[in-house]
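Here the structure is laid out as structure tokens; the discussion comes afterwards.
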Amino acid sequence: MNQILYTIENEEESNRMKSIMLFFGITIIIFGLIMISMGAYRIVSAKAAKEEAIEAAKIPNINLQVEENKVKVNVNHVRPIKEIVYSWNDEEETVLSENMENFNGNITEEIEVLGGTNTLNIKVVDEKGKTSTTSKEVTYQGTYMDLSVVDNKSLKIVVTDVAGLQSVTYQWNSEQETIAYPDENNLESLEILTDIPTGLNTIKIKAVNRENVIENKEMPIQGITKPTVKISYNDERTMLVIKLDDTQGIESYSYSLSNAPISDIAQNGNIRPDFKDKLTLVVSESKQGNSQTSITEQITFQKGFSYVEVTITNTEGVEETFTGWCAK
């Protein structure tokens with residue numbers, strides 16, 4: 001009987017030990033799995049963070065090459081480019097390209113080289129705001145001519161050559177040639193200001209540098225005309241007739257008529273120097289010209305001294321003011 005009880009107790013103890021060991025075994029396995037998962041998560045997270053940091057640190061790559069007086073700007077990057085801007089020296093920035101669609105990682109743009117020696121500055125910004133900049137000193141090879149219209153009536157010609165200039169000759173249409181020489185203290189540059197003839201013209205320019213290399217340029221230039229005004233009477237001498245003309249077209253015009261007794265205006269047969277102070281405004285009008293090339297206005301004038309003032313602006317922005325008077 002004792003043997004039977006001992007055997008039963010031993011089996012119960014053995015089962016209890018097995019349960020305890022099984023519990024600890026399962027616990028250790030679960031803990032190990034948790035540790036492995038945490039370690040794997042840390043590794044993946046660290047790798048992702050590292051890749052993200054590498055990606056964030058990347059900036060656009062810019063390469064500049066000068067070919068035939070043009071700068072080729074090559075940009076390559078892993079992300080789309082928001083904008084590319086450039087400036088010469090310390091001047092204002094100019095947008096070269098922006099919000100590029102279908103960006104495939106590489107883009108090439110061209111910039112014309114300015115005359116002389118200048119510094120080109122390039123700035124590239126990607127979609128995440130990462131910015132890359134570079135600069136390059138560029139020298140124009142040969143004779144450079146820059147033509148620009150000043151105040152709608154004059155042509156400014158700027159000729160530069162790092163080799164130095166001997167002379168610059170220019171000619172309007174078939175008129176006589178005009179020759180200009182650079183200052184001995186600045187042989188690399190020459191600036192000329194010349195009036196533009198009326199209508200469509202052709203200007204021919206020839207520059208000779210210190211190495212006897214000749215550069216020719218020919219181009220059409222539209223001359224800007226000034227508005228004209230003619231003031232006369234009608235046949236009955238009851239109206240002032242104002243005729244406005246401009247071959248470019250009249251943008252707008254205005255006129256005013258003032259009147260005063262002749263006795264207030266004239267003294268000893270001469271117009272008083274302060275006659276404007278004696279005048280009383282009769283009529284004043286401002287009108288649109290609608291780009292017409294010719295307009296006629298008629299204004300009734302009264303007995304006495306009448307003073308008229310007309311201002312006309314053409315479609316090119318040239319403004320002229322005319323005055324006239326009559327006595328009745």
Side-chain angles (χ1 to χ4, degrees), residues 50-150 155-166 168 180 182-193 205 207-217 219:
K50 184 178 180 181
E51 289 176 352
E52 187 176 340
I54 292 173
E55 178 71 12
K58 290 179 179 177
I59 61 174
N61 180 57
I62 309 171
N63 180 262
L64 304 181
Q65 288 185 325
V66 182
E67 296 179 10
E68 297 180 351
N69 289 321
K70 291 181 181 179
V71 180
K72 287 190 175 182
V73 183
N74 182 265
V75 178
N76 56 74
H77 194 37
V78 295
R79 289 187 292 271
I81 299 299
K82 181 181 178 182
E83 65 175 3
I84 302 174
V85 296
Y86 74 93
S87 65
W88 287 105
N89 307 313
D90 297 323
E91 296 175 7
E92 231 176 89
E93 287 185 336
T94 300
V95 175
L96 186 61
S97 51
E98 61 182 341
N99 299 323
M100 280 145 279
E101 297 180 0
N102 303 319
F103 179 75
N104 62 0
N106 189 77
I107 186 172
T108 300
E109 298 281 5
E110 283 189 348
I111 302 173
E112 296 281 348
V113 176
L114 295 182
T117 299
N118 302 275
T119 299
L120 177 64
N121 307 299
I122 301 289
K123 181 174 73 175
V124 180
V125 183
D126 73 9
E127 65 174 359
K128 292 189 176 182
K130 290 293 180 181
T131 302
S132 182
T133 61
T134 190
S135 297
K136 186 179 183 68
E137 188 175 80
V138 185
T139 299
Y140 189 93
Q141 301 302 315
T143 303
Y144 179 84
M145 300 186 192
D146 180 52
L147 279 64
S148 58
V149 177
V150 179
L155 181 68
K156 183 167 75 171
I157 306 168
V158 179
V159 184
T160 56
D161 194 313
V162 292
L165 292 167
Q166 288 191 52
V168 175
D183 190 293
E184 287 297 326
N185 297 320
N186 184 21
L187 296 174
E188 295 183 359
S189 179
L190 177 60
E191 183 176 310
I192 299 167
L193 194 65
I205 306 170
V208 183
N209 72 4
R210 292 281 162 170
E211 296 174 352
N212 291 317
V213 177
I214 298 174
E215 183 76 20
N216 292 295
K217 186 166 189 173
M219 66 182 297

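All figures in this text were calculated on a predicted structure; none of them were measured in a lab. The chain is numbered in sequence order, starting from 1.
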**Study point:** All pairs passing ring pair (Phe, Tyr, Trp, His ring centres under 6.0 Å) where residues 107-132 contributes a residue, at least two apart
**Key:** none
**Study point:** Tyr140: partners by side chain to side chain contact (heavy atoms under 4.5 Å, CB included), with sequence neighbours left out
**Key:** Asn69, Val113, Tyr144
Exercise for review: Apply side-chain hydrogen bond (donor to acceptor under 3.5 Å, both in side chains) to Ser135 and list each qualifying residue two or more places apart in sequence or on a separate chain.
Suggested key: Asn121
Exercise for review: Not counting sequence neighbours, which residues clear side chain to side chain contact (heavy atoms under 4.5 Å, CB included) with Glu67? List them please.
Suggested key: Gln65, Lys72
Review point. Partners of Lys70 by side chain to side chain contact (heavy atoms under 4.5 Å, CB included), sequence neighbours excluded?
Key: Glu110, Glu112
Exercise for review: Identify, with sequence neighbours excluded, every residue that meets side-chain hydrogen bond (donor to acceptor under 3.5 Å, both in side chains) alongside Asn106.
Suggested key: Asn74
Review point. How close do Glu92 and Ser87 get, heavy atom to heavy atom, and via which atoms?
Key: O-CB, 3.7 Å
**Study point:** Test side-chain hydrogen bond (donor to acceptor under 3.5 Å, both in side chains) applied to Asp126 - qualifying residues, sequence neighbours left out
**Key:** His77, Arg79
Review point. Does any non-hydrogen side-chain atom of Val73 lie less than 4.5 Å from one of Leu64?
Key: yes
Practice item. Please identify each residue that fulfils salt bridge (charged side-chain N to carboxylate O under 4.0 Å, His left out) with Lys136, with sequence neighbours left out. Key: none
Check your understanding: Sequence neighbours excluded, which residues qualify as salt bridge (charged side-chain N to carboxylate O under 4.0 Å, His left out) partners of Glu93?
Key -> Lys123
Check your understanding: What are the two closest non-hydrogen atoms of Thr160 and Gly115, and how far apart are they?
Key -> OG1-CA, 3.3 Å
**Study point:** Contacts of type side-chain hydrogen bond (donor to acceptor under 3.5 Å, both in side chains), residue Gln166, not counting sequence neighbours
**Key:** Asn212
Point to revise | Which residues share a salt bridge (charged side-chain N to carboxylate O under 4.0 Å, His left out) with Glu184, sequence neighbours left out | key: none
